[in-house]
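Residue numbers start from 1 in every chain, and the chains themselves are labelled A, B, ... in the order their sequence lines are given, proteins ahead of strands.
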2 protein chains.
Amino acid sequence: MLPIESPRQRRKEARPAELLAAALEMFVEKGFAATRLDDVAKRAGVSKGTLYLYFDSKDALFKAVIQEGIVPVLQQGAGMVERHTGSSADLLRDLIAAWWQLIGNTHLGGVPKLMISEAGNFPEIATYYYENVILRGRDLMRRTLQRGIDQGEFRALNIEQAIDVIFAPVLMMAIWRHSLGACGCGQHDPESYFATHLDMMLCGIAHPSATVQPDGMHS
Amino acid sequence: MLPIESPRQRRKEARPAELLAAALEMFVEKGFAATRLDDVAKRAGVSKGTLYLYFDSKDALFKAVIQEGIVPVLQQGAGMVERHTGSSADLLRDLIAAWWQLIGNTHLGGVPKLMISEAGNFPEIATYYYENVILRGRDLMRRTLQRGIDQGEFRALNIEQAIDVIFAPVLMMAIWRHSLGACGCGQHDPESYFATHLDMMLCGIAHPSATVQPDGMHS
DNA sequence: CTATAATGACTGACCAGTCAGTTATTAAGC
DNA sequence: GCTTAATAACTGACTGGTCAGTCATTATAG
């Protein structure tokens, strides 16, 4: 973004950042198929011809939106787990808060919905997303949970399944915002919702005095 | 719907059940916009012209898929909460198991993904879905949780938020199956996944001996 | 004047929706 | 039973509109 070495004037600043931003917004809002490239170009303030100077096709634009949108952010936040020194519960809190701050609460928060909607039509991009985004994110969660178990802070449970159970409410919050939440349907306050979420994950919902049978047998 | 007064023989049984089923499958698989009505008709074994004998438009077909697909099933399972006599934890288990059995694990399991994808393009249907499906489902959950709290089995917590926290992993399981899960990406075994889920919800992940501060303060 | 960037009218493929025509089913006449 | 008439069910070629992708032209910079 910053001018690199032209003394008085950039020749052309246009890396297609506005185009990617406009495309992300419209893909999230209307879906891939229902988005017209004329509209994307118009929202970015250029013509459709210009769009085709930077992207070979609508598919290529979609791919670029996914790749250049999420992957850098995810890499950026990767060191958090190693650096952390406090309790694992706090690390879990921090991870979720960071995800919400950097992704969920920005335009990128629409990407999960977009990938869910279009995975079937773009298996190649879905695979890319799975390997470069989902697996990496799961890895952060896995290390956090393993850390908690090793330190005796968490119970030993099926980590792979726990990852999804813990992250699902966070994901759904972002997905909801970009789907039915945008139609005037109810919506929680994120801060307070995540607090309840963590509370439930760490303590469960059972009353402390009640004896609970975890795996389905009656008392 | 039932034959009114033909003594020995129905004239024609064809309510367009095959068309609705075919449309549901293809909408879930490819998305609304990317689904061609020629293909829907072909999958149902009729011509496109026949499809238009029963549905006024592609939009009307979509609406029918949502309405006639989910609402009856939801109504059918509504009495479960009243009839239940055991512990509230078991009721929660039963509700989730029933949802998975009747919706998640059938073709209807694709409807949540479909609504998420298309809510923006069909606000009217999204509102219908919210009021007739989501709110009703939340109501079952609410009564279950309230029951548990009243009986001292569950802690008092924010019920509205707890509903979503508890149901999100179940929903995500169904959504995953119809999006990235269909692209060869990993997938949990539902039975075992829901067991872990309930275990976590009821007991939390914290080790019993660890002192946990539920709401974000350090120890 | 040359080179580069940007444009927007144009084209061809695609597909929702239509409708004149075909086939299947039932009823009527004998 | 057999033939014909009447109606219902279904078909698929066609049309009109939409939109991804192209490219000859225009604008701008040096």
Side-chain angles (χ1 to χ4, degrees), chain A residues 3-27 29-66 114 118 120-122 124-125, chain B residues 1 3-27 29-65 114 118 120-122 124-125:
Chain A
I4 306 186
E5 50 188 303
S6 47
R8 62 191 66 174
Q9 213 175 20
R10 255 155 289 134
R11 288 184 149 259
K12 170 163 181 294
E13 27 130 19
R15 275 332 97 191
E18 298 99 344
L19 277 168
L20 284 170
L24 171 62
E25 286 171 38
M26 299 215 63
F27 284 156
E29 195 178 309
K30 325 244 299 175
F32 176 81
T35 294
R36 283 172 298 146
L37 292 189
D38 269 312
D39 291 345
V40 172
K42 186 178 290 175
R43 183 176 294 203
V46 297
S47 72
K48 189 166 59 166
T50 303
L51 194 157
Y52 273 88
L53 294 177
Y54 296 107
F55 303 98
D56 286 346
S57 65
K58 196 183 184 185
D59 288 19
L61 176 63
F62 181 71
K63 196 168 181 176
V65 162
I66 299 296
L114 189 51
E118 303 298 338
N121 297 325
F122 298 91
E124 182 214 345
I125 299 176
Chain B
M1 290 310 130
I4 307 187
E5 50 188 303
S6 47
R8 62 191 64 174
Q9 214 177 22
R10 250 158 291 130
R11 290 186 148 260
K12 169 158 181 300
E13 26 131 20
R15 278 329 100 190
E18 298 99 344
L19 277 168
L20 285 170
L24 171 61
E25 287 172 39
M26 298 216 62
F27 285 157
E29 195 178 308
K30 326 244 300 175
F32 176 82
T35 294
R36 283 172 298 146
L37 291 190
D38 269 312
D39 290 346
V40 172
K42 186 178 292 176
R43 183 175 294 202
V46 297
S47 72
K48 191 165 59 166
T50 303
L51 194 158
Y52 274 90
L53 293 177
Y54 296 106
F55 302 99
D56 286 346
S57 64
K58 196 183 185 184
D59 288 20
L61 176 61
F62 181 72
K63 196 169 181 176
V65 163
L114 189 52
E118 304 299 338
N121 296 326
F122 297 91
E124 182 215 343
I125 300 176

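One atom, NZ of B:Lys30, and another, P of C:dC14, lie 13 Å apart when rounded to the nearest Å. Spacing between atom CZ of A:Phe62 and atom C1' of D:dG21 amounts to 19 Å, rounded to whole angstrom units. C:dA16 atom P lies 11 Å from atom CE of B:Met26, rounded to whole Å. Taking atom NZ on A:Lys58 and atom P on D:dC19, their separation rounds to 9 Å, with Å as the unit. The CG atom of B:Leu61 sits 12 Å away from the C1' atom of C:dA16 (whole-angstrom rounding). The separation between B:Leu51 atom CG and C:dT18 atom C1' is 13 Å, rounded to whole Å. Separating the CG atom of B:Leu37 from the P atom of C:dC14 is a distance of 16 Å, rounded to the nearest angstrom. A:Tyr52 places its OH atom 20 Å from the P atom of C:dA5, with the value rounded to the nearest Å.
In terms of heavy-atom proximity, B:Glu118 sits nearest to B:Ala33 at OE2-N, 4.4 Å.
If you find the closest nucleotide of DNA chain D to A:Gly49 and to A:Ala34, the one lying nearer the 5' end belongs to A:Ala34.
Contact annotation: B:Tyr54 side-chain N/O to D:dC10 OP1/OP2 distance is under 4.0 Å.
Non-hydrogen atoms lying under 4.0 Å from DNA chain D are contributed by B:Val46, B:Ser47, all within residues 40-48 of chain B.
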Could you go through the side-chain contact (heavy atoms from CB on, under 4.5 Å) check for A:Leu19 and A:Phe55 one step at a time? CA-CA 10 Å; A:Leu19 277 168; A:Phe55 303 98; 4.2 Å; yes
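When distances run from any side-chain atom of A:Leu53 to the nucleotides D:dT11, C:dG17, C:dT7, the shortest one goes to C:dT7. For B:Thr50, counting side-chain heavy atoms from C-beta on, the closest listed nucleotide (C:dA5, D:dC10, C:dA16) is D:dC10.
Rounding to the nearest 0.5 Å places CG of B:Asp39 at 6.5 Å from NZ of B:Lys30. If you take CG on B:Asp56 and CG on B:Leu61, they are separated by 11.0 Å, rounding to the nearest 0.5 Å.
Here the rule is side chain to side chain contact (heavy atoms under 4.5 Å, CB included) with A:Met26, and of A:Val65, A:Thr35, A:Leu37 only A:Thr35 fits it.
For the pair B:Glu124/B:Lys63, a side-chain contact is recorded, criterion being any heavy-atom separation below 4.5 Å from C-beta on.
Cation-pi geometry between A:Lys58 and A:Phe32 is satisfied (NZ or CZ under 6.0 Å from the ring centre, within 45° of the ring normal).
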